[in-house]
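The first residue in the sequence is number 1, and the count goes up from there. Predicted model, so just to flag it, every value in this text is computed and none were measured.
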Amino acid sequence: MAASSVAVLSLSLTLPPLLLLLLLIAWKRWRRGHSAGHAIVVVLGDVGRSPRMQYHAQSLAKCGFSVTLLGFCNSKPHDELLQSDRIRIVPLTELQRLAVGPHILQYGVKVVFQAVHLLWKLMCCEPAAYIFLQNPPGLPAIAVCWFVACLCGPKLVIDWHNYGYSIMGLVHGPRHWVVLLAKWYEKLFGRLSHLNLCVTSEMREDLAENWGIKAVTVYDKPASFFKETPLDLQHRLFMKLGRTYSALRASSDPLDPATERSAFTERDANSGMVTRLRGRPALLVSSTSWTEDEDFSILLAALEKFEQLILNGESLPSLVCVITGKGPLKEHYSHLIGQKHLQHIQVCTPWLEAEDYPLLLGSADLGVCLHKSSSGLDLPMKVVDMFGCCLPVCAVNFRCLHELVKHEENGLVFDDAEELASQLQMLFSKFPDPAGKLNQFRKNLRESKQLRWDESWKQTVLPLLVDT
């Protein structure tokens, strides 16, 4: 027998008993420990791009829990979370797909690895009273967290952001056997949790009617740092980003070389006062994870129509369009953007630091959301953040959007590129117009006095933990 075969056989014989022994040791450690003041938050994704789970961790910490946050550490989380002495981030190892073999085998190997790795990481944590799990992604996390809950006693809390199978259906089709299997798995293990949270009332009703799951709606709310950005901070942000992105730089130099100028603002060299430039472009922002449930060709087509209106002599400003985020389709859309030859519209696609993103939203004139839920039951958190900054929004319509965007009150809803272009024309006509629709929407948002995440969490989630 070849030496390699002997090694593989020896490993296959020794690994299961060794894993069982380690699990037994960890189980005894959990059983001996005191769990009441500890919670585990699990994200089988990038922690830095999972704001809602970051907020859960921070709220738990503020209410006296020590928190272990498990997830991939690809992006930097918010400073407030990093600075908390009650929150410890434990990185999970992200296994990339194998370079060889059928796709189903590659995916299977990844799921098995994630299951074993997550199980071991959970068992190595100090005993906990609760495991908060983001779903999706829930494969294999729901089953693993349920197993640990059965073995060691913590209560499993699933926070339903969407349905994982519906996202898979965008790629494989809704009737693909992998999608149907994922739906069966999600439905089966989702029922085994102690407590379920969800993001919309429509999702709560769907979980009850079609899944037999009783959930509590916990709407996304903006964190306290999402607010309007003071003009001097706007200027600093534009100058900082302008070093990398030409769209944010001044189109002409000031007469005084000591004066700082961006595309939108200017700081006087003598007084230090920051003012907005006369004739400045309008700043339009959008945020995306560059996935199949956001069709950015709608925005690009609307921008082309807006450009044509300017060329036809309409009284409209130039636009700077900033689209932030990371994701699989970013390269595809960046290539499409590069093929456009727009004279009055500039587009850039940065990935911003966590602290710069709220500053950008608080500096913008209009937000655009192209999120179209794969299930039709979740709401775009980016719009919540924009509203926190009193930023009016144009959002593409889908089933439960009305729970967040009130048409003609805090923004506008559109169905296609033609309608979005008309809305841009109406909102930016005579820009900047203090009496215009854009400023009316902003005034409505200021007067709405929105509830922030911490207050909302204490009202909705904390009582559930006390009662369980």
Side-chain angles (χ1 to χ4, degrees), residues 15 18-19 22-23 25-27 29-30 33 35 38-58 60-61 65-79 81-82 84 86-99 106-152 154-162 164 167-168 182 185-186 189-190 193 289 291 325-328 351 354:
L15 190 57
L18 180 60
L19 181 61
L22 292 172
L23 283 173
I25 294 170
W27 174 75
R29 177 173 172 269
W30 268 74
S35 64
H38 181 232
I40 300 172
V41 177
V42 179
V43 183
L44 206 59
D46 185 3
V47 170
R49 294 166 64 193
S50 305
R52 184 173 164 104
M53 302 313 286
Q54 291 184 58
Y55 298 166
H56 275 308
Q58 289 170 237
L60 285 162
F65 287 87
S66 63
V67 180
T68 300
L69 177 53
L70 297 176
F72 304 144
C73 297
N74 301 329
S75 306
K76 181 188 171 191
H78 293 292
D79 278 343
L81 184 139
L82 295 173
S84 173
R86 287 185 167 273
I87 301 174
R88 182 171 69 101
I89 299 177
V90 176
L92 295 176
T93 300
E94 186 173 10
L95 180 69
Q96 302 300 325
R97 269 190 171 182
L98 301 175
Q106 296 176 19
Y107 187 68
V109 169
K110 183 177 180 179
V111 168
V112 171
F113 171 81
Q114 286 180 333
V116 174
H117 182 58
L118 178 58
L119 175 61
W120 177 243
K121 287 288 188 179
L122 284 168
M123 296 302 292
C124 288
C125 290
E126 65 178 277
Y130 300 98
I131 297 175
F132 274 69
L133 172 65
Q134 172 182 300
N135 181 60
L139 183 65
I142 301 178
V144 173
C145 291
W146 167 78
F147 177 73
V148 172
C150 291
L151 191 66
C152 304
K155 292 180 169 62
L156 174 59
V157 181
I158 299 178
D159 192 13
W160 296 81
H161 298 194
N162 199 349
I167 297 174
M168 295 176 70
Y185 160 86
E186 207 167 4
F189 283 97
S193 60
S289 52
T291 51
K326 287 180 180 178
W351 169 249

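- Note that CZ of F72 and CD1 of I89 are 14.5 Å apart. Values are rounded to the nearest 0.5 Å.
- A pairwise comparison of heavy atoms in L133 and M53 identifies C-CE, 3.9 Å as the closest pair.
- Applying the salt bridge (charged side-chain N to carboxylate O under 4.0 Å, His left out) criterion to D46, with sequence neighbours excluded, gives no partner residue.
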Carefully, step by step, assess I158 and L156 under the rule side chain to side chain contact (heavy atoms under 4.5 Å, CB included).
CA-CA 6 Å; I158 299 178; L156 174 59; 4.2 Å; yes

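- Here the straight-line distance linking atom CD of E126 with atom CZ of R88 works out to 7.0 Å at 0.5 Å rounding.
- Note that the CD atom of Q114 and the CG atom of L119 stand 13.0 Å from one another [nearest 0.5 Å].
- At least one side-chain heavy atom of V148 sits less than 4.5 Å from a side-chain heavy atom of M123.
- Partners of S84 under the side chain to side chain contact (heavy atoms under 4.5 Å, CB included) rule, at least two apart in sequence or in another chain, are A61, R86, I87.
- The side-chain heavy atoms of F132 and L60, taken from C-beta on, include a pair separated by under 4.5 Å.
- Residues passing the side chain to side chain donor-acceptor pair (under 3.5 Å) test with Q54: none are found, sequence neighbours excluded.
- H117 places a side-chain N or O within donor-acceptor distance of the main-chain N or O of T93, the cut-off being under 3.5 Å.
- Taking all atoms of both residues into account, the shortest heavy-atom contact from A57 to V67 is O-CG2, 3.7 Å.
- Put simply, the side chain of V42 does not reach to within 4.5 Å of the side chain of V144, judged on heavy atoms.
- A parallel orientation is assigned to the rings of Y55 and H78, their planes being inclined by less than 30° (bins at 30° and 60°).
- Looking only at side-chain heavy atoms (C-beta outward), C145 and L122 come within less than 4.5 Å of each other.
- Taking CG from L69 and CD from Q58, the interatomic distance works out to 9.5 Å, rounded to the nearest 0.5 Å.
- Nearest heavy atoms, K326 versus N74: NZ-O, 4.5 Å.
- Taken to the nearest 0.5 Å, the CG atom of L139 stands 8.5 Å off from the CD atom of E186.
- Closest non-hydrogen pair, W351 versus S75, comes out as CZ2-OG, 3.5 Å.
- For S50, there are no side chain to side chain donor-acceptor pair (under 3.5 Å) partners two or more places apart in sequence or in a different chain.
- Remark: P137 engages L44, Q134 in a side chain to side chain contact (heavy atoms under 4.5 Å, CB included) (not counting sequence neighbours).
- Residues passing the ring-ring contact (aromatic ring centres under 6.0 Å, His included) test with F189 are W146, Y185, sequence neighbours excluded.
- Within the 4.5 Å cutoff, no side-chain heavy atoms of I40 are placed close to those of P154.
- Every residue two or more places apart in sequence or in another chain that forms a salt bridge (charged side-chain N to carboxylate O under 4.0 Å, His left out) with K76 is listed here: D79, E355.
- Residues passing the salt bridge (charged side-chain N to carboxylate O under 4.0 Å, His left out) test with R49, sequence neighbours excluded: none.
- Residues satisfying the side chain to side chain contact (heavy atoms under 4.5 Å, CB included) criterion with P136, sequence neighbours excluded, are H161, N162, I167.
- T291 is linked by a side chain to side chain contact (heavy atoms under 4.5 Å, CB included) to S289, D293, E294, P328, counting only residues two or more places apart in sequence or in another chain.
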